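Per chain, numbering begins at 1; letters A, B, ... match sequence-line order. Note that the structure is a prediction, hence the values are computed from the model and not measured.
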Amino acid sequence: MFALVDCNSFFASCEKVFRPALEGKPVVVLSNNDGCVVARSPEAKSLVAMQATLFSIQDLVNRGTIHAFSSNPILYRDMSRRVIQTLQHFSPEVEQYSIDEAFLGLHGFTKADLGDYGQKIRTTVKQWTGIPVSVGIAKTKTLAKLAAHEAKRYPNLNGVLNFEALADPNAVLASIDVGEVWGIGRNLKAKLKAMGITNVLQLKNADKTRIKKKFGVLGLRTVLELRGTPCFPMEPVASPKTMRIVSRSFGHLVTELSDIKEAVATYTTRCAEKLRADGLVAGQFTVSMRTSYYRPENQYSAARSVELDQPTNDTAVLIHEAMRLAEAAFTPGYEYLKAKVIATELSPAGEVQGNLFAAPADTKKRDRLMQAVDSLNRKLSPDAVKFGAMGLKPTWAMRSDYFSQRYTTHWGELPTVKVMSYPQPLPSVLSSDSNAF
DNA sequence: TCTGGGGTCCTAGGACCC
DNA sequence: TCTGGGGTCCTAGGACCC
């Protein structure tokens, strides 16, 4: 048996934990660059569409009807870590599937227990982290995902649905759109519709050979999972990354090569930090840049790659290569919206094969330098020590006008509590059910 | 006007091997 | 008229996920 624990409106919920006054109020979180809405609290769902642009809801934000926040990935990652840690109390088998979801392997429970266990998971996560979650329980991962989806849809389920305890599971499946199934996206949904398959029960009962032929093994596995045959096992140990990407839109359109190079150097620095944190080195490095898709006139995009003589995660080496790639990809006369760097052909840092034709690098010394840079930046601030190529004052930096605080990861930004003198009533912050303080 | 970021997996097809 | 069988490796592109 599997449980899927899914955080409700995750990013919006993270912001609410540290702003108890926002309880019951509509909150949205914006994408990078304050572009569009990527998370909505339940109260915001009727007011704002997913992916609505900030521009289109600016009035509601200005009037205070909706509380908007810029993306705060450091906060969300840390809250995610807390949720996962909490879940590890409930099963030895926890697979973090995304920033706001995890599968739990459930053995040794009778079917009747599981619904109660789900409720216990839900209340504990809420109490320990402040984050509301939904829990779906079933014999396969695909069904557990659907169960969690249903648990959100019907408030009377109190956030938990044990699919195996349903009196008539097929009736439930018939009520769910086939596009809700894990692995069925926009394109496959359209293809299935053309075959007359629009709800989950129809997909479950579809002809296996036909599905295999049209949708490959993934489609077949999905059908089997709907029938209760597990095809996607627990994967508690994350498999090593195959690529690392850093890409950002600019705060405004950029025309100068010098600005793009600064941005690329900055992204390369972030990318190298990630590689070092993962203990990986890159064998190939790619830089790309493009204009806006939404301006059909004067479109341009280009990418350049390099095979590195010696796989590395040394920021200076990667910036050196990245600058050459950026120059090669750049064509003057365009308004650039976005740049991206990609590290591929990743391998563990300790197992690098020497290059017969390249001079051996003094990597020990370089490694120590990078370690020193990383530890200074961790202690002080992310760019306390930076490379000259990153520029001193970026003109291209992304917008982030509604940033909250790194409440849980930065000494200078911890939440503060104002305590009023006894015997006045406790401020609402302290009496809220959030345990965050 | 504004319209995100970061990934993984599978398949088809071509080149090549014996 | 018929012209094998069984593989591996690589890449591009398309699909999906959150």
Side-chain angles (χ1 to χ4, degrees), chain A residues 4-11 28-39 48-59 61 68-74 76-77 80 83 95-103 141-142 145 148-149 178-192 212-222 231-232 235 238-253 263 267 270-271 274-275 278 280 284 286 288 290-296 303 305 307 335 337-346 398-402:
Chain A
L4 187 268
V5 180
D6 190 350
C7 300
N8 301 344
S9 319
F10 182 56
F11 296 173
V28 300
V29 174
L30 303 167
S31 66
N32 261 348
N33 222 16
D34 291 348
C36 62
V37 171
V38 296
V48 184
M50 204 63 166
Q51 261 118 53
T53 59
L54 173 59
F55 171 80
S56 71
I57 60 165
Q58 189 75 62
D59 279 351
V61 174
F69 289 92
S70 296
S71 183
N72 189 345
I74 293 174
Y76 309 149
R77 260 199 302 279
S80 171
V83 171
E95 173 191 343
Q96 177 157 22
Y97 174 68
S98 74
I99 193 161
D100 70 339
E101 278 175 75
F103 288 105
K141 283 181 163 182
T142 303
K145 292 265 286 182
H149 175 258
V178 74
E180 300 296 339
V181 176
W182 191 32
I184 307 297
R186 215 167 9 119
N187 290 286
L188 296 189
K189 181 183 165 174
K191 264 193 181 174
L192 286 166
K212 166 87 176 23
K213 207 169 169 191
K214 279 210 132 165
F215 303 98
V217 294
L218 275 183
L220 179 60
R221 282 183 194 147
T222 298
C231 300
F232 304 117
E235 290 166 20
S239 38
K241 301 257 184 231
T242 65
M243 64 193 328
R244 273 302 201 176
I245 298 178
V246 177
S247 88
R248 298 272 185 283
S249 301
F250 307 130
H252 57 82
L253 298 177
Y267 302 172
R270 293 284 101 81
C271 186
K274 287 184 183 182
L275 291 174
D278 295 341
L280 296 172
Q284 187 185 52
T286 302
S288 69
R290 64 168 172 84
T291 55
S292 170
Y293 290 141
Y294 301 98
R295 301 186 171 202
S305 296
E307 292 287 334
E335 295 186 310
L337 175 82
K338 183 176 192 168
K340 167 148 105 170
V341 303
I342 310 173
T344 43
E345 295 178 10
L346 307 184
M398 66 178 188
R399 287 185 297 272
S400 193
D401 293 339
Y402 303 91

Kindly point out which of [options] is positioned nearest to the side chain of [X]?
X      : options               : value
A:Y97  : C:dC17, C:dC16, B:dG7 : C:dC17
A:R248 : B:dG6, B:dG7, B:dT3   : B:dG6
A:S249 : C:dC16, B:dG5, B:dC2  : B:dG5
A:K338 : C:dA15, B:dG5, B:dC2  : B:dG5

Donor-acceptor contact present, side-chain [X] to main-chain [Y], <3.5 Å:
X     : Y      : result
A:S70 : A:Y402 : yes
A:S31 : A:C36  : yes
A:S80 : A:Y76  : no

Distance-only donor-acceptor pairs under 3.5 Å for side chains of residues 180-189 of chain A, two or more places apart:
from: A:E180; atom 1: OE1; to: A:H149; atom 2: NE2; distance (Å): 3.2
from: A:W182; atom 1: NE1; to: A:Y97; atom 2: OH; distance (Å): 3.0
from: A:K189; atom 1: NZ; to: A:D177; atom 2: OD1; distance (Å): 3.4

Check: Taking only residues two or more places apart in sequence or in another chain, which ones pass side chain to side chain contact (heavy atoms under 4.5 Å, CB included) with A:N32?
Finding: A:S71, A:R248, A:M398
Next item on the list: Please identify each residue that fulfils side chain to side chain contact (heavy atoms under 4.5 Å, CB included) with A:M243, with sequence neighbours left out.
Entry: A:I245, A:I342, A:T344
Check: Is the aromatic ring of A:Y294 within stacking range of B:dT3, meaning centres under 5.5 angstrom and planes under 30 degrees?
Finding: yes
Using a 4.0 Å heavy-atom cut-off across all strands, classify [X] as base, sugar-phosphate, or nothing.
X      : value
A:T53  : base
A:L188 : sugar-phosphate
A:K191 : nothing
A:R295 : sugar-phosphate
A:Q58  : nothing

Does [X] have a side-chain nitrogen or oxygen under 4.0 Å from the phosphate oxygens OP1 or OP2 of [N]?
X      : N      : answer
A:N187 : C:dG14 : no
A:K145 : C:dC18 : yes
A:R399 : B:dC2  : no
A:S31  : B:dT3  : no
A:K274 : B:dG7  : yes

Checklist line | side chain to side chain contact (heavy atoms under 4.5 Å, CB included) evaluation trace for A:F103 with A:E235 | finding: CA-CA 9 Å; A:F103 288 105; A:E235 290 166 20; over 6 Å; no
Distance, rounded to the nearest Å, where [X] contributes [atom1] and [N] contributes [atom2]:
X      : N      : atom1 : atom2 : answer
A:I99  : B:dG6  : CD1   : C1'   : 11 Å
A:K340 : B:dG6  : NZ    : C1'   : 8 Å
A:F11  : C:dC18 : CZ    : P     : 13 Å
A:L253 : B:dT3  : CG    : P     : 9 Å

Next item on the list: Would you mind checking if A:D278 and A:K241 are paired as a salt bridge, meaning a charged N to carboxylate O distance below 4.0 Å?
Entry: no
Item checked: Side-chain heavy-atom pair A:L54, A:R399 within 4.5 angstrom cut-off -> no
Look for any protein N or O under 3.5 Å of an N or O in nucleotides 8-12 of chain B and output each such pair with its distance, or none.
from: B:dT8; atom 1: OP1; to: A:T242; atom 2: N; distance (Å): 3.2
from: B:dT8; atom 1: OP2; to: A:T242; atom 2: OG1; distance (Å): 2.6
from: B:dC10; atom 1: OP1; to: A:R221; atom 2: NH1; distance (Å): 3.3
from: B:dT11; atom 1: OP1; to: A:V217; atom 2: N; distance (Å): 3.3

Item checked: Contacting residues from residues 179-186 of chain A, given that a heavy atom lies under 4.0 angstrom of DNA chain C -> A:V181, A:W182, A:G183, A:I184, A:G185, A:R186
Next item on the list: Only stems of 3 or more consecutive Watson-Crick or G-U pairs count here, both distances under 3.5 Å; name the ones for DNA chain C, or none.
Entry: B:5-18 with C:5-18
